[in-house]
Structure formats: C-alpha cells, structure tokens
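All chains are named by letter (A, B, ...) in the order of the sequence lines, taking the proteins before the strands, and each is independently numbered beginning at 1.
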Protein chains: 2
Amino acid sequence: MAEDAEVEGKKLEIIEWASERFYEGGFHATGIDSVMAGSGISKRTVYKYFSSKEALIEAVLDHYGSDIVDELFTPARAAGHDPRRQIMAFFDIRKAMIDENPIRGCLGIKASQEYVGKHDGIAERGKNAAAYVERAFIDLCEQTGLADPVNLGKQISILFQGSLLLSQVFGDSAPFVAARAAVASLLNHAAVPSRRPGPRTAKK
Amino acid sequence: MAEDAEVEGKKLEIIEWASERFYEGGFHATGIDSVMAGSGISKRTVYKYFSSKEALIEAVLDHYGSDIVDELFTPARAAGHDPRRQIMAFFDIRKAMIDENPIRGCLGIKASQEYVGKHDGIAERGKNAAAYVERAFIDLCEQTGLADPVNLGKQISILFQGSLLLSQVFGDSAPFVAARAAVASLLNHAAVPSRRPGPRTAKK
DNA sequence: GACTTGGTAAACCGATCTGTTTACCAGTGA
DNA sequence: TCACTGGTAAACAGATCGGTTTACCAAGTC
C-alpha cells in the first residue's frame, strides 16, 4: 500500500485535485471535465499522465492510502505507547475529521462499492484499504496481550467502518461515540490468555 | 417506511425489476435503457409511471423498505420470544443472504452514499432505512431489560452495518461471524439496571 | 531567431445518458 | 367493424460522457 513515493509534480497535483472532487461527487457521477474544472489543468494533461479515468482513480486510491497513514495512523501513534490508547485515538481522530467535514467517508471503500464486479483494479484497492485498517487494529490488539487478537481486531475494524458509514449517512459524528464505547467494552471484557501470556502483557 | 402498499401491477413490476438491476450495477452507473433491458418493458412505460429516474429510485427504495421487513424482520421474529435470540437471528439471516448472493449490500445506504448532498429525497430514504434498522435493534434491546438500551442498540446497528459493508467489500460473509460474537459480548457484559431489573435477566 | 518542451483552451468524435415522440400491435367492448 | 386502451419497439433530441485532436502559447536552449 502507498506505493506512490515517486509521484510528484503535475501528476501529484492532478491526483490531489481529483481526489477532492471524487470525494464530494462520487466516481461514476463525476466526469473528467467536471473533475478538473477550476483546477487550471486541462483534460489533455490528465490523459497525458493517465491512460484512462480508471487509471486516474487507481492512482487516487493509491495516494489515498498514503494519506491514511499521515492523517490517521501517525496521530494515533502519537497518543502514546499504550495500544488501547492508540485504538481509542483512532476513533477520536476520525470523529474530529467528520466534525469538521461531514460528508467524508472512506474513499477506498466508496470506490470499492461503486466498482465491485466491474473493475477489479479499483475494487481491489478498496479491499486493500479495508484490509490495511483491519490489520492495523489487529496489530494493536496483539500488543495488548489479550486473547484472540485477530478476532478482536476484526470486531474493532467493523465498528470503525460501521460508524464511518453511518456518520456519513446521518451526517453526524455521533456513531463514533457509540462505537468507541463498544470498543472499550470489548477490550475490557476480552479474555486474558491463561498461560504463557504474550509479549508486553501490561497486566493493566 | 414501506408506504407502498398500494403499488401493484405494471408499476410494481417495474420497481422489482429495476431494484434488482440497481442492486447489481449501482445507480449512477446504470441507465434506464440498460436497467429495463431484457424485462420486456419499454422505457416509454417507465416514464409513464415515473416522472424521472430519481422518482423511480425513490420508489425502489420505498419498496426496498417493505422488503427489509419481509426478508429480515419477520424471520428474526420467528426465532422466538427471547429478544437476544432475535438480535442474533438478524446476523445469521443476513449472513445466509450474503452467502447465497455475495454482492448484496444495503440498497438504501448504497443510494444514500451515491446521492448524499445531491438529491435529498433519495439520501433521506437511505437515512430512514438505516434509522429504521437502528430503531429495531433499540427496541429489541429495550426488551432485554438491560441498561442503556439506546446506546446498546446503536452499537449493534453499527456492527450490523459495518459487517454488511465489509462483507460486501471483501466478498465474504466472515465479518458477520466476528460481529455476531461482538454483539454477544456486548449483551453479556452490559450493565443490568441496579433496581427494578427488567424481565428475563438471565444473569447467565 | 529557430526549435523544442510542456502546458492550456477548445473543438471534435462516437457512445451513452435522460427523456420524448412516432409508429405499430393486441385486446376489448359496443 | 370501429374506436379505444395499454403496451412494445425504435427513432430522435439535447446534454454529457470518455477520450483525441488541433491550435496556440510561454519558457528555455542552442
């Protein structure tokens, strides 16, 4: 994921602008003409750097992957060494993002939903974004030393994506508050491995 | 919700056919021509019954609301009187639906995501569908007699929508298994009102 | 100055979109 | 038999789609 370290200049400029417009307008509903309107970049230039609209969307999603790291993961890690704190920070950060810009969901999943069964490259990138977030939660759960961190991480991932979806549909960040409480409950009542506890068992 | 008791005949036929095609192809990505292709119903007839594509989509979503009742709520109620059982049945039923037809998500939420900020009537119907499901979970939670049934119901709703979304993205019903376990944990560890406990406090 | 590079602006192409119109066909009742 | 009703099939209009082409322009560089 986030393989676009080499993207720069005009290409990056196109991706960032298009990303914003696709975010607001959806993929099928937004044409290349309207996507670049107001950017000062001509359609000719877009097709110089990208072979098709789908290729542009793929590049946008790849870039979005690296954005996720910057906007979500890094601040979460800054919450401290305690993995539980970092998990909670995920929800707080995303809630704050929703509060200041209510229409935003997960661009990758949005794309995946629009292109599932129709364009594999795009749907695959959406799937990867979801899997990446899930993996991050599982990693953090492993650090807590609780039993069955894989399932726990998946459950937290479901709560995260569910609250992201509903906050978008309702236009309200409240689902994150409920989800956060659910995560706390799951973490508090998760079993602790009986013998030979895993590394970093803080024991609380 | 589900105000289409009077819909019948050709109009209902159009709605049911279109519903299926929109389900598979999305709303923006599927034109009226292709939506009715193979149905034996002409576009002329569609526009005799519906003033616009958006009006057709609204009718589809209204019909979908009543479908939800038939396909999800009624079988769940058949699971018995125990509200916890009914909640679990929700997840089992939806998982089984996914297993036999992997691409299906919630049509209302799909529509809401495609038309949020662009067509209020459609987005509103998606919001209503989500609120309706949430309300159903809250009602069941109230019947359990557990404390704070509103929050509990919202959390279960988030788990439900999240697993529905992820099962669609991943093309796999596994998220429902994880979500179901999370629901069980939340229900088992929810506080019981300190005084005057509700009916059926299993205490486990 | 001539030539190249990298870009904008806008016309253009064929396809497809929403929505309308025309022409035709199959029943049905008087 | 004749008119009417409700429908299909298909052409059509105007807009917009993805994508290409043409014309122009500005900045370097020789």
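- The base of C:dG19 lies outside donor-acceptor range of the side chain of B:K53, with no N or O pair under 3.5 Å.
- Residue order along DNA chain D, read from the 5' end via each residue's closest nucleotide, puts B:I41 first among B:I41 and A:E54.
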Inset, instruction - Run the numbers on B:L159 and B:L186 for side-chain contact (heavy atoms from CB on, under 4.5 Å), then give the verdict. - result: CA-CA 11 Å; B:L159 280 163; B:L186 288 176; 3.8 Å; yes
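- In this pair, A:H189 and B:H189 present their aromatic rings parallel. The plane angle is below 30°, not in the 30 to 60° band.
- Separating the CD1 atom of B:I14 from the P atom of D:dG6 is a distance of 14 Å, rounded to the nearest angstrom.
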Inset, instruction - Mind running side-chain contact (heavy atoms from CB on, under 4.5 Å) on B:Q155 and A:R180 for me, showing each step along the way? - result: CA-CA 9 Å; B:Q155 290 169 349; A:R180 199 195 130 108; over 6 Å; no
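- Atom-to-atom, CD1 of B:I57 to C1' of C:dG19 comes out at 15 Å; the value is rounded to the nearest Å.
- Between A:R44 atom CZ and C:dA11 atom C1' there is a gap of 14 Å when expressed in whole angstrom units.
- Between the side chain of B:K48 and the base of D:dG6 there is no donor-acceptor pair of N/O atoms closer than 3.5 Å.
- Going from atom CD of A:E13 over to atom P of C:dG6 covers 16 Å, rounded to whole Å.
- Between B:K53 and B:E58 there is no salt bridge, since no side-chain nitrogen of the basic residue lies less than 4.0 Å from a carboxylate oxygen of the acidic one.
- OP1 or OP2 of D:dG7 sits under 4.0 Å from a side-chain N or O of B:Y49.
- As a whole-Å value, the separation of A:M36 CE from D:dG19 P is 15 Å.
- Of the candidate nucleotides C:dT18, C:dG7, D:dG19, C:dG7 has the atom nearest to the side chain of A:T45.
- If you measure from atom CG of A:D33 to atom P of C:dA11, you get 12 Å, rounded to the nearest angstrom.
- Between the NZ atom of B:K43 and the P atom of D:dA13 there is a distance of 14 Å, rounded to whole Å.
- At whole-Å resolution of the value, OH in A:Y47 and P in C:dT8 are 15 Å apart.
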